[in-house]
Amino acid sequence: MAVWYRMIVEPLAGWSWQRIVASLFCVWLAYLVIVGIHRLYFHPLAKFPGPRLASVTQWYEIFYDIFHKGQFTFEIQRMHQKYGPIVRINPEELHIDDPDYYDMIYATGKPYDKMQYFLDRLNMPLSSFATAGSDLHKTRRAAIAPFFSKQRVSAYNYLIQDIVDHLSHRLSAEYTGTGKVLNLAQMWGAMTSDIITDVVFARPMGYINCPDFDSQFTTAVCDMLFTSHIRAHFPIFLTAMNTLPSWLVKILAPAVKPVIEYEEMLELQIKDILDGRNEEAKLSSHKTVFHDILSSNLPPCELTAGRLQNEAMSVVAAGVETTRWALTVGCYHILANIGIEQRLRSELEHAIPDPNRMISVPELEKLPYLTAFIQERKLIQSGLRMAYGLCQRLPRINPRSPWQYADYTIPPGTPVSMDAYHMHNNESVFPECQTFKPERWLNNPVGPNGTTPLGHYMVAFSKGTRMCIGMNMAYSELYIGLATMFRRHRFNLYETDRSDVEFAIDMITPQPKLDSKGARVLVG
Ligand code: HEM
C-alpha cells in the first residue's frame, strides 16, 4: 500500500466527517496565517509602503474591482496620497506615481514582460497584446507592425473619410432638424467598428447603418470589458467557459452571447481568409492585416486560425472602445464649452471653405487649435476622469535586473505599474488638471523642469516596446471624425452633463456612472 495512504488516510479512519472538515479548515487557516506573515515580514516587497491588508491578500484588489465595481484605480490614487509615490498595491505588485519615472518602466528596446494574470482579462491569450514574454511579443508585434505604420495608415485615410462621410449623410437625412436624439457613443462606436472591420478584414460590416447606430458588435466589445475583472481574478470561470460548447454558454450566460457570436464571426472570417475565400479581401483595394501576418517570418505554429482569431480580437477590442470613447468625450467638451466650439469652428471654416471637400489628415494636423484640442482631449482621457484610452494600470516586469526608485531597489521579476490616469492628473505637470484647456498645448509648452516638452508627459498611448500599435490609425479617426462632424453639422447637448462622460468605473477602459443614458445631442 502506498506510503501516503498509510501515513494520511489510515490514521483518519476513525474520524467523523465533522472532525475531518474542522481539521482541514484549521490547516487552511494556519496556511493563510503563515502566508500572511511571510508577505508582511519576509517577502521581497515587505519593506515597500502600502496598506497592510493589500500586502497580505489579493482580496483587497478583488473587493475594489468586483464588489465595488471597477474602483481599484481610484483606491490606488488614495494609497499614493497616504503612502507616497511608490506603493505596494497587492502582495506581488508595486505602483509608482512619478511622471519622471515613466520612461524607465515603459522604455523602448528593453525586454520587459507583462504580468501573466492580467492577460486573461480579454480571453485572447495568443494575441500580441496578451503575450507576457518580451521575446515572443517582439516576434508577434513585428508581424503586425507594418500594417499600422504611419505610411500605411495614411493610405487608408480615404476609407476612414468614406465611412465618416456616410455617417455625416445619415445625420443630414435622419437627424438634422428632426428632433431625433443622437447618442454620440453609439454613433462613434458604429464608426470605429466599421473602420476596424473594413481595414482589418476588408469586410465592412455596415454598423453605421444600424437603427440609431445601435450596433450589437460594439455592445459585445463593451460587454467583454465588463467581465474583465472576473476573468482576471478568477480565471477558472474562463477555463470553464472555454471548455463548454458555445451554444451552452450562450444559454447559461446570455449576457456574454454577443461576445461569443462576435468571436464566432471572427473565426469564420479568418477561416475564409486562410482558405482564400475572403472575397471582399480579394476585391479590396488595400491589404488587410492578415496579408502582413501571413507574409511575415512567423513560423507555421503562429499562423493557426486560433492565433489569428486572437490577434484580430485584440485589434478590434483595442481599437473600437478606446477611440469611440475618446471621440465621445471630445465632442462633449467641445459642446459644453461655447468658446472652444466657436474657436474650433472658425478654424475649420477658414481651413475648409467647402465642407464637402474635406482636407487631408496632414493638412488637418497643421491646424493649431484642432491639434491642441486633440491633445487636450487625450489629456482629458487620462487626467480629468472624463475619458481615457486605457485607464487601468499597465504592469511591466524586468525579469533580469532590479529597477532603482529613489532609495528603493525593486527586485527583478516584480510587476511594477504606472498609468495615464495618475500621469495626467499630476498638478505639477498639468496645472488645473481638472479644467479642460486646449490652450495649454499652444506655443510649444514645456513641463515643470522648464525644458522637457509637455507632450513628453502624454501617455494615453503608453510608451516603449508595448505602446499602442494603432496610434496612427486612432489619430486619423480623431482628426477626420471631429473635423468632418464639426465642419458640417451643429449639435446641441440633450439632457447630458459632465457625469455622462466622466471616468467613474475602471473596466480596463473608462466607463461613466452605471445609470448614465449616454452623451446625447440634437443635430441642428
Ligand atoms: C484613442 C485611441 C487609443 C488609445 C488611447 C489606445 C491606447 C493603448 C495603450 C495604452 C496600449 C498599451 C496597452 C498595454 O500596455 O497593455 C495599447 C495597445 C494596443 N493598441 Fe491601442 N489605443 C487606441 C487606439 C487603438 C486602435 C485604433 C488600434 C487598432 C486599430 C489599437 C490597437 C492596439 C494594439 C494591437 C495594442 C497592443 C500592442 C502590443 O501589445 O504590442 N489601439 N493601446
Side-chain angles (χ1 to χ4, degrees), residues 102 105-108 112-115 118-119 121-122 124 126-134 136-145 147-149 152-153 156 159-160 188-189 191-201 221 228 232 288-289 292-293 310-330 374-375 377-383 387-397 415-421 423-424 458-482 503 508-510:
Y102 199 87
I105 306 286
Y106 304 92
T108 306
Y112 297 155
D113 298 339
K114 281 191 176 180
M115 188 167 67
F118 242 44
L119 302 178
R121 293 171 299 170
L122 295 175
M124 46 184 84
L126 302 175
S127 64
S128 308
F129 178 80
T131 303
S134 59
L136 184 54
H137 168 262
K138 195 174 168 188
T139 322
R140 287 178 170 171
R141 182 170 167 123
I144 55 172
F147 183 84
F148 291 103
S149 69
R152 289 279 290 282
V153 170
Y156 310 138
L159 281 173
I160 299 177
W188 292 124
M191 182 200 87
T192 55
S193 302
D194 266 350
I195 289 172
I196 303 276
T197 52
D198 194 351
V199 176
V200 176
F201 299 107
V221 175
S228 60
T288 68
V289 72
D292 285 277
I293 300 181
N310 272 214
E311 198 67 281
M313 282 265 292
S314 77
V315 171
V316 174
V320 168
E321 176 64 11
T322 46
T323 320
R324 168 187 93 113
W325 187 240
L327 282 159
T328 305
V329 173
I374 283 176
Q375 287 286 21
R377 180 209 51 72
K378 283 198 301 171
L379 167 67
I380 268 194
Q381 281 180 346
S382 318
Y388 253 98
L390 301 180
C391 54
Q392 207 170 35
R393 66 194 194 273
L394 306 173
R396 297 286 183 269
I397 297 170
V416 181
S417 53
M418 296 181 73
D419 58 67
Y421 174 72
M423 286 289 287
H424 297 177
M458 284 299 308
V459 297
F461 293 101
S462 188
K463 286 188 180 183
T465 33
R466 318 281 305 231
M467 75 175 287
C468 178
I469 208 168
M471 184 176 78
N472 295 318
M473 189 173 289
Y475 270 128
S476 284
E477 294 181 48
L478 292 168
Y479 274 106
I480 294 173
L482 288 174
F503 167 33
I508 307 180
T509 61

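Whatever order the structure lists them in is the order used to number ligands and atoms, beginning at 1.
Near H137, meaning under 4.0 Å from one of its heavy atoms, ligand 1 places the atoms 39 (C), 40 (O), 41 (O). Which parts of ligand 1 touch F148 is read off a 4.0 Å heavy-atom cut-off, strictly below it: atoms 29 (C), 30 (C). If you number the atoms of ligand 1 from 1 as listed, the ones under 4.0 Å from a heavy atom of K114 come out as 14 (C), 15 (O), 16 (O). Residue I196 approaches ligand 1 through these ligand atoms, each under 4.0 Å from one of its heavy atoms: 30 (C). Within the listing of ligand 1, atoms 14 (C), 15 (O) sit less than 4.0 angstrom from a heavy atom of R396. Using a 4.0 Å cut-off to heavy atoms of M473, the atoms of ligand 1 that qualify are 30 (C). In the vicinity of R466, heavy-atom distances shorter than 4.0 Å reach the ligand 1 atoms 12 (C), 15 (O). The distance from ligand 1 to the heavy atoms of A474 drops below 4.0 Å at these ligand atoms: 2 (C), 24 (C).
Counting only non-hydrogen atoms, the option in A317, G330, C468 that gets closest to atom 43 (N) of ligand 1 is C468.
The closest approach between any non-hydrogen atom of A460 and ligand 1 is below 4.0 Å.
The local environment of NZ in K463 is crowded, with over 12 non-hydrogen atoms from other residues, nucleotides or ligands closer than 6.0 Å.
In this structure the side chain of V416 never reaches within 4.5 angstrom of the side chain of I397, judged on heavy atoms. For the pair S462/Y102, a side-chain contact is recorded, criterion being any heavy-atom separation below 4.5 Å from C-beta on.
Considering both main-chain and side-chain atoms, E477 never comes within under 3.5 Å of ligand 1 through any nitrogen or oxygen pair.
Under 3.5 Å, the side chains of R141 and S128 contain no donor-acceptor pair of N or O atoms. Remark: the T323 side chain and the Y475 side chain contain no N/O donor-acceptor pair separated by less than 3.5 Å.
With sequence neighbours left out, K114 forms a salt bridge (charged side-chain N to carboxylate O under 4.0 Å, His left out) with no residue at all. With sequence neighbours left out, the salt bridge (charged side-chain N to carboxylate O under 4.0 Å, His left out) criterion links R393 to E61, E93.
Not a single donor-acceptor pair under 3.5 Å links the side chain of D292 to the backbone N or O of I144.
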